[in-house]
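Computed over heavy atoms, backbone and side chain alike; hydrogens, waters and symmetry mates excluded. Model, not experiment: these values are computed from the prediction.
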Amino acid sequence: MTRSVSQTEQYLDKCAHAYYLRRVEGIPPSPAAWSMQGNAFHSAIETFEEGGRRLDAESTAELFSQDYSNRINHELNKEPNLDRWLTAGPDGGADIEARYVLGREQTKAYVLWAKDNGPDLWKASDGRQGIELHLQAEIGGVQVQGYIDQLPQEPDGSVRIRDLKTGSTKSKFQLQTYAILVRKALGLVVNKGDWYMAKRNGLSRPVDLSTVSEDEVGQKYADMDAGVKRGDFPANPGFGCRFCDVAHACTFKKR
């Protein structure tokens, strides 16, 4: 089975029982507008970048609006009770509306930033661009896959791992995993990674990835893969239960 950063972090760092409920039992997750905001932002920016940054800010924001609205409506058809939605705001309806406005603002801001500061993105000889690039390779004896948001080309010929974030959560393990995937799947040199933080419309400080080894990253995937195959899914109730999308089906959740 192919593993991913999100699977591994959920199992090892958050709650293995949530992993079990979501990925083994197949419990339908509670919808959350923040997830749809992030996905719609990524989709709009992908179109903007693949089009050579020719779209203006308003046109790209319209792409966000259409995608976000479609995702929201799709989830509302499945779960019309907004009290059952995960939310960081006062209620599900207000959160949906606020994230529509925020997502448009973040999309416009990225377009203006990219036109002024945008990097030269890597492009393969076959025409593939370093945008939402799907890669898969064996790491630590486990098949691992990931979708890399962007691969900016560095002046020295190396590439940089860049992840786009509409929220605040950052994962160094994600950057490390993607560095290994790029080295193994594409044969490219990776020395640095960073995050574009949409909340403040700019880049984070670069993360040094030059010394990250396959053994170091692979150990986490091996530990996670072994635990899942053993059927070992301990619960970890606590603050994270508030943001768990399968908490509605969990008997261990902190109330």
Check: Which residue pairs satisfy the salt bridge (charged side-chain N to carboxylate O under 4.0 Å, His left out) criterion with at least one member in residues 71-80, sequence neighbours excluded?
Finding: Asp67-Arg71, Glu75-Lys78, Glu79-Arg84

Next item on the list: May I ask you to test the Leu121-Val159 pair for a side-chain heavy-atom distance under 4.5 Å?
Entry: no

Checklist line | Gln106 versus Gln37, side-chain donor and acceptor atoms under 3.5 Å | finding: yes

Next item on the list: With sequence neighbours left out, write down each residue that passes salt bridge (charged side-chain N to carboxylate O under 4.0 Å, His left out) with Glu138, or none if nothing qualifies.
Entry: none

Next item on the list: Please identify each residue that fulfils side chain to side chain donor-acceptor pair (under 3.5 Å) with Asp83, with sequence neighbours left out.
Entry: none

Item checked: Steps toward side chain to side chain contact (heavy atoms under 4.5 Å, CB included) verdict (Thr2, Val144) -> CA-CA 5 Å; Thr2 304; Val144 177; 5.8 Å; no

Margin query: Give me each pair satisfying salt bridge (charged side-chain N to carboxylate O under 4.0 Å, His left out) with a member in residues 19-45, each pair once, sequence neighbours excluded.
Written below: Arg22-Asp245

Margin query: Going by the rule ring-ring contact (aromatic ring centres under 6.0 Å, His included), which residues pair with Tyr100 if we only count those two or more places apart in sequence or in a different chain?
Written below: none

Note to self: Looking only at side-chain N and O atoms, does Gln129 offer a donor or acceptor that is under 3.5 Å from a partner on Glu49?
What the structure shows: no

Margin query: Within a 6.0 Å radius of atom NZ on Lys14, are there more than 12 heavy atoms belonging to other residues, nucleotides or ligands?
Written below: no

Next item on the list: Would you list the pairs meeting salt bridge (charged side-chain N to carboxylate O under 4.0 Å, His left out) in which at least one residue belongs to residues 172-193, sequence neighbours left out?
Entry: Lys184-Glu214

Note to self: Are Val217 and Met224 linked, directly or through intermediate hydrophobic residues, by side-chain heavy-atom contacts shorter than 4.5 Å (ILVMFWY only)?
What the structure shows: no

Item checked: Enclosure of Arg200 CZ (heavy-atom neighbours >12, cutoff 6.0 Å) -> yes

Next item on the list: Please collect all side chain to side chain donor-acceptor pair (under 3.5 Å) contacts where either partner lies in residues 111-121, sequence neighbours excluded, each pair once.
Entry: none

Item checked: Residue from Asp163, Asn201, Asp149 passing side-chain hydrogen bond (donor to acceptor under 3.5 Å, both in side chains) with Tyr196 -> Asn201

Margin query: Could you go through Val190 and Ile180, starting from their C-alpha distance and side-chain angles, then the distance that decides it, and tell me whether this counts as side chain to side chain contact (heavy atoms under 4.5 Å, CB included)?
Written below: CA-CA 8 Å; Val190 180; Ile180 301 299; over 6 Å; no

Notebook entry, point to check: Taking only residues two or more places apart in sequence or in another chain, which ones pass ring-ring contact (aromatic ring centres under 6.0 Å, His included) with Tyr178?
Noted result: none

Check: Can a donor-acceptor pair be found between the side chains of Ser213 and Asp215 at a distance below 3.5 Å?
Finding: no

Checklist line | For Tyr221, ring-ring contact (aromatic ring centres under 6.0 Å, His included) partners two or more places apart | finding: Phe173

Item checked: Aromatic contact, His134 with Tyr147 (centres under 6.0 Å) -> yes

Next item on the list: Check the pair Arg162, Leu151 against side chain to side chain contact (heavy atoms under 4.5 Å, CB included), reporting the backbone distance first and the verdict last.
Entry: CA-CA 6 Å; Arg162 176 161 296 157; Leu151 277 185; over 6 Å; no

Item checked: Test ring-ring contact (aromatic ring centres under 6.0 Å, His included) applied to Phe41 - qualifying residues, sequence neighbours left out -> none

Note to self: Under the salt bridge (charged side-chain N to carboxylate O under 4.0 Å, His left out) definition, can you give me all pairs with a residue in residues 85-95, not counting sequence neighbours?
What the structure shows: Asp95-Arg99

Note to self: Show, in sequence, the C-alpha distance, side-chain angles and deciding distance for Tyr110 and Thr60, and conclude whether the side chain to side chain contact (heavy atoms under 4.5 Å, CB included) test is met.
What the structure shows: CA-CA 10 Å; Tyr110 176 89; Thr60 310; over 6 Å; no

Margin query: One thing to verify: whether Glu58 and Lys108 come together as a salt bridge, which I'm taking to mean a side-chain N less than 4.0 angstrom from a carboxylate O.
Written below: yes

Next item on the list: Go through the structure and list residues passing side chain to side chain contact (heavy atoms under 4.5 Å, CB included) with Asn236, not counting sequence neighbours.
Entry: Cys15

Note to self: Hydrogens and angles aside, do Lys199 and Ser168 bring a side-chain donor and acceptor to less than 3.5 Å of each other?
What the structure shows: yes

Check: Hey, any chance Leu175 and Leu133 share a hydrophobic cluster, counting ILVMFWY side chains that come within less than 4.5 Å of each other, even indirectly?
Finding: yes

